[in-house]
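Bear in mind that the values here come from a model prediction, so they are computed numbers and not experimental data. Basis for what follows: all heavy atoms, side chains included, without hydrogens, waters or symmetry-related copies. Numbers here simply count residues along the sequence, with the first being 1.
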Amino acid sequence: MQEERLDLEFESEVPGVMHACGHDGHASILMAAMKFLANHTDDLSGEIYGVFQHAEELPPGGAQEMVATGLFDDFDFFYGHHLFSTLPLGTIDIKPGPNSSNSDLYEIKIQGRGGHAAQPENSIDPVIVGSAIIQQLQTIVSRIASPFDPIVISNTVFQAGNAAAMNVIPDSSYLAGSVRTLTDEARQLVQAHMSSIIKGICDAYNVSYTFDFKLGYDSVMNDEATTAGVREIAENLFPNKVTSLAASLGGEDFSAFSRVAPSTYIWIGAGNSEKSYDYPHHHPKFAIDEESFLIGLKMFVAVAKAFSA
């Protein structure tokens, strides 16, 4: 992604590459926190680790690779936070239970029979088949799943045919997209019904197909007890700034840690419209107010002290 922040003295100098999500900020905050804690060990007990994780944006994600080593099996508690540009500076979002979504991907390849656009009866149009599938997948959300259980199915890719031959019915089409759910039960429901719908439509049109449902990041599950403790810390440090918003349907591979031990993951507001620091994450104009770093630093230190006692 090409960064479009000429106002920043540290705008990326590498074409097509930028920090577009805030993880450079997270690393900076954690480095400062660990330096502070290392200089104040008399205030601590037990062991405290700063986890600098790689490959957060590359499924299956660095957290899963780190957890797979077994090095974290004996940890008592994990804490993490994410700076959020669309949350006003100073706001801290803390909630128990689901905090982010299962973020899965899928691919569908349909093999029909191509032919001339003037003689569709001699073809099996994979565009029609793909269109029917896309329409029916939305009934999982609207008619099969509970309206109280958030689910998103977004078909983001539909490829077929050739613009240079607009009078030709193609012989194949390709669909792909993203599925977001908050619970394991909803994840399984979507996968099963997607498989059933795709098979039914392809059988009806007499086409062959492949369907690949790719499990991505799990939902981050905040432990009720530890999250209540973190919330109390935040409310003491930042009165009237703590909120509890609906779970995000974004993906976050901190979930790998939350499956190992009690965990709490929170969102720290880093947006400031007066500075034009309110563009969404993964946007060419993304930026965060660095005053949020101090909030993150105070939270890291306070949580470390409280949970090491």
Please state whether the rings of His26 and His81 are parallel, tilted or perpendicular, taking 30° and 60° as the class boundaries.
-> perpendicular
Do Leu249 and Met221 belong together in a cluster built from hydrophobic side chains that touch within less than 4.5 Å?
-> no
For Gln53, which residues count as a side-chain contact (heavy atoms from CB on, under 4.5 Å) partner, sequence neighbours excluded?
-> Glu56, Ala63, Met66, Asp253, Phe257
Looking at side-chain heavy atoms only, is the closest gap between Val152 and Ser178 below 4.5 Å?
-> no
Pairs meeting criterion side chain to side chain donor-acceptor pair (under 3.5 Å) with involvement of residues 113-137, two or more places apart = none
Co-membership, hydrophobic cluster, residues Ile134 and Tyr106, 4.5 Å side-chain = yes
Below 4.5 Å, heavy atoms only, C-beta onward: do Leu105 and Val179 meet side chain to side chain?
-> no
Ring centroid separation His282 to Phe286 under 6.0 Å | no
Could you pull out all residues at least two apart from Glu252 that satisfy side-chain hydrogen bond (donor to acceptor under 3.5 Å, both in side chains)?
-> Tyr265
Asp171 meets the side-chain contact (heavy atoms from CB on, under 4.5 Å) criterion, sequence neighbours left out, with Gln111
Partners meeting side-chain hydrogen bond (donor to acceptor under 3.5 Å, both in side chains) with Lys109 (sequence neighbours left out) | none
Under 3.5 Å, side-chain donor or acceptor atoms of residues 287-305 against the rest of the protein: list the pairs with distances, not counting sequence neighbours.
unit_1: Asp289; atom_1: OD1; unit_2: Glu291; atom_2: N; d: 2.9
unit_1: Asp289; atom_1: OD2; unit_2: Asn272; atom_2: ND2; d: 2.9
unit_1: Asp289; atom_1: OD2; unit_2: Lys275; atom_2: NZ; d: 3.3
unit_1: Ser292; atom_1: OG; unit_2: Asp289; atom_2: O; d: 2.7

With a 6.0 Å cut-off on ring centres, are Phe84 and His281 close enough?
-> yes
Atom CG of Asp74: over 12 foreign heavy atoms under 6.0 Å = no
Over 12 non-hydrogen atoms of neighbours within 6.0 angstrom of CG in Asp76 = no
Can you establish whether the number of heavy atoms outside Glu47 located under 6.0 Å from its atom CD is more than 12?
-> no
Members besides Val157 in its Ile/Leu/Val/Met/Phe/Trp/Tyr cluster (side-chain heavy atoms under 4.5 Å) = Tyr174
Side-chain heavy atoms of Arg187 within contact of Ser219, under 4.5 Å | no
Name every donor-acceptor pair, under 3.5 Å, that has one atom in a side chain of residues 237-248 and the other anywhere in the protein, sequence neighbours excluded.
unit_1: Ser244; atom_1: OG; unit_2: Ile94; atom_2: O; d: 3.4
unit_1: Ser248; atom_1: OG; unit_2: Gly250; atom_2: N; d: 2.9

For Glu185, all residues meeting side-chain contact (heavy atoms from CB on, under 4.5 Å), sequence neighbours excluded | Thr183
In terms of heavy-atom contacts, does NE2 of His19 have more than 12 from other residues, nucleotides or ligands at under 6.0 Å?
-> no
For Asn39 and Lys35, test the side chains for any donor-to-acceptor distance below 3.5 angstrom and give the result as yes or no.
-> no
Cluster overlap Ile144 with Leu137, hydrophobic side-chain contacts below 4.5 Å = yes
Flag the pair Glu3 / Leu8 as yes when at least one side-chain heavy-atom distance between them is below 4.5 Å, and no otherwise.
-> yes
Under a 4.5 Å side-chain heavy-atom rule over Ile, Leu, Val, Met, Phe, Trp and Tyr, are Val230 and Ile268 clustered together?
-> yes
Any pair counted as side chain to side chain donor-acceptor pair (under 3.5 Å), so long as it reaches residues 221-233, sequence neighbours left out = Asp223-Thr226, Thr226-Thr264, Thr227-Thr264, Arg231-Glu235
Verify the ring-centre separation between Phe307 and Phe77: is it less than 6.0 angstrom?
-> yes
Side chains of Trp267 and Leu83 in contact at under 4.5 Å (non-hydrogen atoms) | no
Sorted by chain and number, sequence neighbours left out, side-chain contact (heavy atoms from CB on, under 4.5 Å) with Gln138 holds for Val141, Ile153
Which pairs would a plain distance check flag for residues 198-210, meaning a side-chain donor or acceptor within less than 3.5 Å of a matching protein atom at least two apart in sequence or in another chain?
unit_1: Lys199; atom_1: NZ; unit_2: Asp203; atom_2: OD2; d: 2.6

Hphob cluster co-occupancy, Leu30 + Ile266, side-chain heavy atoms under 4.5 angstrom = yes
Taking everything shown except Met31 itself, do over 12 heavy atoms lie less than 6.0 Å from its CE?
-> no
Hey, what's the ring geometry for Phe78 with Phe72, parallel, tilted or perpendicular (30° and 60° as the breaks)?
-> tilted
Asn102 and Tyr217, any side-chain heavy atoms less than 4.5 Å apart = no
Would you check, one step at a time, whether the test salt bridge (Lys or Arg N to Asp or Glu O under 4.0 Å) holds for Asp104 with Arg180?
-> CA-CA 6 Å; Asp104 304 320; Arg180 303 299 171 112; over 6 Å; no
